[in-house]
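Just so we're clear, the structure is a prediction, and the values are computed from it rather than from any experiment. So you know, we letter chains A, B, ... as the sequences are listed, proteins then strands, and number each from 1. Keep in mind that the numbers below use all heavy atoms, side chains included, and drop hydrogens, waters and symmetry copies.
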2 protein chains.
Amino acid sequence: MNEQIHRGLRAAPARPTPTLEDLATAAGVSRSTASRAINGGSRVSPEAQAAVDAAVLSLGYTPNRAARSLVTRRTSSIALVINEPDARVMMDPFFAAVITGVTEALRETDMQLVLLMSRAGGDPSRTVRYLRGGHVDGAIVVSHHKADGWTEELAASGLPTVFIGRPWDTGLGIHYVDVDSFEGGRLAALHLAAAGRTRLATITGPLDMTAAEDRLDGWQAGLKEAGLPAGLVAHGDFTPAGGTEAAERLLAEDSGVDGIFAASDLMARGAITALKAAGRSVPGDVAVVGFDDHLTVPGELPLTTINQPTVEMAEKAARLLLADIEDPGAAREPVIYPARLVVRESSEPQAG
Amino acid sequence: MNEQIHRGLRAAPARPTPTLEDLATAAGVSRSTASRAINGGSRVSPEAQAAVDAAVLSLGYTPNRAARSLVTRRTSSIALVINEPDARVMMDPFFAAVITGVTEALRETDMQLVLLMSRAGGDPSRTVRYLRGGHVDGAIVVSHHKADGWTEELAASGLPTVFIGRPWDTGLGIHYVDVDSFEGGRLAALHLAAAGRTRLATITGPLDMTAAEDRLDGWQAGLKEAGLPAGLVAHGDFTPAGGTEAAERLLAEDSGVDGIFAASDLMARGAITALKAAGRSVPGDVAVVGFDDHLTVPGELPLTTINQPTVEMAEKAARLLLADIEDPGAAREPVIYPARLVVRESSEPQAG
DNA sequence: GGTCGATCTGGGAGCGCTCTCATGTACCGA
DNA sequence: TCGGTACATGAGAGCGCTCCCAGATCGACC
């Protein structure tokens, strides 16, 4: 009796959003049948299906995601985890490309993208807790550092996860998508050597990231292959400012540098700024090669770089994740995209 | 009895995530008390609170968001709606800045950011349906066009919504944050006039966006104020390529143009490309003014532009939204940030 | 004609949480 | 000593959905 009063009171203010129950009533079927009709409609007669479809339209019914996910244990959302101290990383076109690719892959799905930026100020474990808390069906980790220790935690949690960029510990069976960074570094070295440059230097990314390490290793292997001595190494942080500072240090150590490979386009731009400020011409005095190939601001000196199909990689990562959510535990090989040298004016005096 | 068998079977594979019930048992209190302790702890004795806190730690308890939101009707997530046909808009630093700002505002909240990109291929109403479906507690709409018709729909739905950039219909009481685009356009005109330029032209954004319209109106008002004739108008789309094409059209119409105001930095860059290709020097032959001031690629010609505090605006929008979710219906005035002229080399021959 | 299988349907439990309400306990002033 | 107030607590319902199960319906086949 108390309950009845309750229901009466609650129903009073014109129920706002229709529930499955309302839908079923409108369609003249049971809640169960309505549910089946909504979800793919197996074991539903054509008439019942049609009645439900019509009711959905006339009522403007949308399933309550919370209720559904409470019982299915699926949330229909995945997280894009960006683990960088500074929020300004979003300014890096790399992340824009990643978001573009992931969005594209989710296009025809009803999956939603939750942006998870874990940052310096916040509790680092909070992100992992969130991920383990069953709030998302899977995660794409896009930028992770050695000290994160996330790889193990995520692998242990069993949450479907795909890394963009090789994780530090690949023995855990974590899926990932990567570009062949080693080969990219090597190609840069060979290209500069072939152009007759001999006093070569590189500006690395933060070496707690595999991409930075691989590019450096490849670079050094390329130098050796070309019969050149291991050149100078300056450490950057993938930002333009970092590239500028690193280039200044390089010039201070060896003012005769005639070729620089920066592990990202942004750093290459920064390096060019420093070179010009120091009175060096590019590519006349110093040839510069970047890495990424998705900085397309017009009116700049076209940059020789290593192309990385970031949008495509992100799309692939998302599709891998969806597959992994659908069929967990299936072993999947890492997907490595080839690195491709794109020669432009910053390394070729005669070009342009 | 059947039920018992069920529960037995289900419990078998070591219950994975602890529920509130488990937590209560571990803490030696009832589910109700545990719930109260979790949620702020009013009407909970210090001992009970301590016991629950300890249990949370030892069990690694995380509330099930779906269950919670099923009863509270809150999802603890807000949507960032980006309504652009081309996914590549993400490459525009403007959106990066918006994401940065929103993320910053959500930092100390347990709110999550859901990225909602509605695009050409998809069903346009799908986004609105999603928003009305109660999947998020509120929405920030960042880029909307006249034909969307969203303003009315969203206003009618009662979903807390904040626009970044004035919506077309401000009579609906929709909250928004904007920069004074009119004043920005005016400042650009006055600046170029003061620099002695007389054959002025502008490159607009898509005129189905209020920002583009306001900048054009302000520009024309400024010209009139300076006693100059209404100059040429070319339409762009906020992209570099659009800026290039628009500038080409301007040059074709009047080869003697000596000052151009582009409604975005990206378009200004594109225009400079076209000008240089046509043999014009910047700022010698043609002075160029942009709008945005968040394109900071080093090594480029520093651009005179109208500064727009995008990160701050996005942060403000998010805070407004949070306030609106907390206390719906409270009337809130639009927040308009001042536009500020930043003079750099692209319009000042003597500078640099 | 009766039985079997296939197909469709509805009843009902329960996912994990919050919230209302009734009860229990402690402490105040009279 | 007792009624009253304040606060802490637990029982229980119910949010909207899915899914299991049992029942109903209908041909088809022996």
Side-chain angles (χ1 to χ4, degrees), chain A residues 1-11 15-25 27-52 56 59 61-76 110 133-135, chain B residues 1-11 15-25 27-52 56 59 61-76 110 133-135:
Chain A
M1 156 124 137
N2 253 330
E3 182 195 331
Q4 304 245 346
I5 293 173
H6 256 82
R7 309 209 99 223
L9 284 175
R10 293 235 178 118
R15 201 168 298 177
T17 50
T19 76
L20 185 59
E21 189 78 56
D22 302 332
L23 183 73
T25 307
V29 298
S30 74
R31 202 170 67 261
S32 307
T33 302
S35 174
R36 274 185 291 258
I38 294 287
N39 300 292
S42 67
R43 299 199 166 268
V44 176
S45 66
E47 306 85 60
Q49 181 74 52
V52 173
V56 166
L59 264 62
Y61 172 79
T62 328
N64 180 314
R65 226 178 173 94
R68 175 178 282 179
S69 99
L70 180 57
V71 39
T72 59
R73 272 126 202 301
R74 299 274 238 94
T75 63
S76 291
D110 75 331
H135 304 309
Chain B
M1 163 136 129
N2 253 330
E3 181 195 331
Q4 303 245 346
I5 292 174
H6 257 83
R7 306 208 102 226
L9 283 174
R10 292 233 180 119
R15 199 168 300 178
T17 50
T19 75
L20 185 58
E21 189 79 55
D22 302 332
L23 183 73
T25 307
V29 299
S30 75
R31 203 175 60 253
S32 307
T33 303
S35 173
R36 273 185 292 259
I38 295 286
N39 299 294
S42 67
R43 298 197 168 271
V44 175
S45 66
E47 307 85 59
Q49 183 72 53
V52 172
V56 165
L59 264 61
Y61 172 79
T62 328
N64 181 314
R65 225 179 174 94
R68 175 178 281 177
S69 100
L70 180 57
V71 40
T72 59
R73 270 122 204 303
R74 299 273 238 98
T75 63
S76 290
D110 75 332
H135 304 307

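- For the pair R65(A) (side chain) and T75(B) (backbone), a donor-acceptor distance under 3.5 Å is absent.
- Look at CG on L20(A): it is 13 Å from P on dG11(C), rounded to the nearest Å.
- Base contact: R43(B) has a heavy atom under 4.0 Å from a base atom.
- Within 4.0 Å of A48(A), counting heavy atoms only, lie sugar-phosphate atoms of the nucleic acid but no base atom.
- Between R68(B) and I38(B), the closest heavy-atom pair is NH2-CG2, 3.6 Å.
- Applying the salt bridge (charged side-chain N to carboxylate O under 4.0 Å, His left out) rule to R31(A) yields the partners E21(A); only residues at least two apart in sequence or on another chain are considered.
- For R43(B), there are no salt bridge (charged side-chain N to carboxylate O under 4.0 Å, His left out) partners, not counting sequence neighbours.
- Closest of all the heavy-atom pairs between S69(A) and A66(B) is OG-CB, 3.0 Å.
- Rounding to whole angstrom units, CD of residue Q49(B) and P of dA8(D) are separated by 11 Å.
- Look at NE2 on H135(B): it is 13 Å from C1' on dG16(D), rounded to the nearest Å.
- Minimum heavy-atom separation, L20(B) to A34(B): CD1-CB, 3.8 Å.
- Legend: residues meeting side-chain hydrogen bond (donor to acceptor under 3.5 Å, both in side chains) with S30(B), ordered by chain and number and at least two apart, are T33(B).
- Taking T62(B) as the reference, nothing meets the side-chain hydrogen bond (donor to acceptor under 3.5 Å, both in side chains) condition, with sequence neighbours excluded.
- Phosphate contact (OP1/OP2 of dG16(C), side-chain N/O of Y61(B), threshold under 4.0 Å): absent.
- In this structure, the nucleotide among dT9(D), dG14(C), dG14(D) sitting nearest to the side chain of V71(B) is dG14(D).
- Side-chain atoms of L70(A) lie closest to dC15(C) of the nucleotides dC15(C), dC17(D), dT9(C).
- The interatomic distance linking R65(A) (CZ) with dT18(D) (C1') rounds to 16 Å, in whole Å.
- Under 4.0 angstrom from either OP1 or OP2 of dT9(C) there lies at least one side-chain N or O belonging to S45(A).
- Annotation: proximity of residues 30-39 of chain B to DNA chain D (heavy atom, distance under 4.0 Å) is found for S30(B), R31(B), S32(B), T33(B), R36(B), numbered in ascending order.
- Axis deviation across the helix from dG1(C)-dC30(D) to dA30(C)-dT1(D) amounts to 50°, comparing end segments of five pairs, rounded to 10 degrees.
- Atom P of nucleotide dC15(C) and atom CZ of R68(B) are separated by 18 Å, given to the nearest angstrom.
- R73(B) places its CZ atom 12 Å from the C1' atom of dC17(D), with the value rounded to the nearest Å.
- If you check dC19(C), dG16(D), dC8(C) against the side chain of T72(B), the one that comes closest is dC19(C).
- The separation between E21(A) atom CD and dG11(C) atom P is 9 Å, rounded to whole Å.
- Residues T19(A) and N64(A) are not in side-chain contact: their nearest non-hydrogen atoms beyond the backbone lie 4.5 Å or more apart.
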